[in-house]
2 protein chains.
Amino acid sequence: MATPASLEEDSQGAALAWPDHAREVLAQNGYRLGGARAAVITALAEHGCAASAAELHGAARAEGADLGLASVYRALELLEELGVAKRVELGERGARFEAIGPLGDHHHHMVCESCGTVEPFEDGDLEQALTTAAQRQGFTPLAHEVVFQGRCGSCGPGEDA
Amino acid sequence: MATPASLEEDSQGAALAWPDHAREVLAQNGYRLGGARAAVITALAEHGCAASAAELHGAARAEGADLGLASVYRALELLEELGVAKRVELGERGARFEAIGPLGDHHHHMVCESCGTVEPFEDGDLEQALTTAAQRQGFTPLAHEVVFQGRCGSCGPGEDA
DNA sequence: GTGAATGCAAACTCTTTGCATGACT
DNA sequence: AGTCATGCAAAGAGTTTGCATTCAC
């Protein structure tokens, strides 16, 4: 837990940022790195948290990549399958995606109903409670997702609008 | 917490099951009870947990109601707005809906990747941890959702398939 | 050089909306 | 009786798939 979650040591001991990690995993599993996948990896790394497919598509095109939206979906599906990206449902229309750190970087989301911001957060105690709850139910969790809908610190607990 | 969550005392002290509760809330807010809304309320009450709009539509038609899918969505939207039903996203395709008890009955879901079952569960400690985590982040939660994906007790922690 | 990856466009699914008809209070 | 709810059909949004071409290895 002392190492930043976005970095890992590869077999030579060099630090790898997430894009490198993702590319390495692709290669290790026999997948090629075309323009679309490379662009999606870059876009995912730069967006940070909970990006929609359309946002990633737009970001990639803004950086000069010429890729189709379908390829974005295909790349995201593959990255998720390989465990380097994650699909997140925030209760809005459409799914969102984000990079998963090689060390199991893990966070959840708060969606502010007032300003629409999606904020990530980590909470060790919450993770512990989640694990305990799953055990109590005799469930073996492979993944879990927590989403808060409410009002963020900036918008305060005040009334609507 | 001593009263079953699906029952409440109305102003006369009589116990109300959820369908009655839902109808009462509709009336109190000036909404009429047509065939479609009545059928959706019945279907929601009978399905129990995390039903899709199509499932509710089918169930309602199976019971003789002649309603359109659009009306199911309209009814669900209204019931959610009135706080007697809840929309749940389980990471699958499409949203799911369920009744909310008048006393704030509250549970979360475990989705078994092996048998596809969706199981509800309640956990007081987890709720506490969620509340604490939100406070720590300076967030005022109006709603929250927890979804586990994994393997249920029946399927065990074994390998895939 | 070869098979995998990509772009484009069409197909698909889920959900919402418009409008005329019919039903609830 | 008046207004609201509903059914049907069409529109919308997000996502997936088919196929010919291009590109990474």
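Values below: all heavy atoms of this structure, side chains included; hydrogens, waters and symmetry mates excluded. Proteins come first, then strands; the chains are lettered A, B, ... in the order of their sequence lines, and each starts at number 1.
- Annotation: the terminal axes of the helix from dG1(C)-dC25(D) to dT25(C)-dA1(D) meet at 40°, where each axis is the rotation carrying the C1' atoms of four end pairs onto the next four (5 pairs per end, rounded to 10°).
- Atom CG of Leu78(B) is separated from atom P of dC4(D) by 14 Å (rounded to the nearest Å).
- Contacts classified as side-chain hydrogen bond (donor to acceptor under 3.5 Å, both in side chains) and involving residues 28-48 of chain A (residues at least two apart or in different chains) are given here: Glu24(A)-Gln28(A).
- Scanning for side-chain hydrogen bond (donor to acceptor under 3.5 Å, both in side chains) contacts around Thr132(A) gives Gln128(A), with sequence neighbours left out.
- One interatomic measurement links the two molecules: CD of Gln28(A) to C1' of dC25(D), which rounds to 17 Å at whole-angstrom precision.
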Base contacts versus sugar-phosphate-only contacts with protein, heavy atoms under 4.0 Å: please encode nucleotides 11-21 of chain C as B, S and - from 5' to 3'. --SSBBBB---
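- Of the residues in residues 32-46 of chain A, Arg32(A), Gly34(A), Gly35(A), Ala36(A), Arg37(A) come within less than 4.0 Å of DNA chain C through at least one heavy atom, sorted by number.
- Note that the CG atom of Leu142(A) and the SG atom of Cys112(B) stand 9.0 Å from one another [nearest 0.5 Å].
- Residues passing the side chain to side chain contact (heavy atoms under 4.5 Å, CB included) test with Ser154(B) are Cys152(B), sequence neighbours excluded.
- Atom CD in Glu81(A) sits roughly 12 Å away from atom P in dA5(C) (whole-Å rounding).
- Distance Arg23(A) CZ to dA5(C) P: 16 Å, rounded to the nearest Å.
- Residue pairs satisfying the salt bridge (charged side-chain N to carboxylate O under 4.0 Å, His left out) criterion with at least one member in residues 57-75 of chain A, sequence neighbours excluded, are listed as follows: Arg61(A)-Asp66(A).
- Regarding Leu90(A), its CG atom lies at a distance of 15 Å from the C1' atom of dG14(D), rounded to whole Å.
- Evaluation of the salt bridge (charged side-chain N to carboxylate O under 4.0 Å, His left out) test over residues 51-60 of chain B, restricted to residues two or more places apart or in two chains, returns Glu55(B)-Arg96(B).
- For residues 75-90 of chain B, the set of pairs meeting the side-chain hydrogen bond (donor to acceptor under 3.5 Å, both in side chains) definition, not counting sequence neighbours, comprises Lys86(B)-Glu145(B).
- In this structure, the side chain to side chain contact (heavy atoms under 4.5 Å, CB included) partners of Ala22(A), at least two apart in sequence or on a different chain, are Trp18(A), Ile41(A), Val84(A).
- A donor-acceptor pair shorter than 3.5 Å can be found between the side chains of His109(B) and Glu98(B).
- Remark: C1' of dC4(D) and CG of Asn29(B) are 15 Å apart, rounded to the nearest angstrom.
- Residue pairs meeting the ring-ring contact (aromatic ring centres under 6.0 Å, His included) criterion with at least one partner in residues 110-155 of chain B, sequence neighbours excluded, are His144(A)-Phe148(B), Phe148(A)-His144(B), His106(B)-His144(B), His108(B)-His144(B), Phe121(B)-Phe148(B).
- Ala65(A) is linked by a side chain to side chain contact (heavy atoms under 4.5 Å, CB included) to Ala39(A), Ala60(A), Leu67(A), counting only residues two or more places apart in sequence or in another chain.
- Atom pair Glu92(B):CD and dT15(D):P shows a separation of 15 Å (rounding to whole Å applied).
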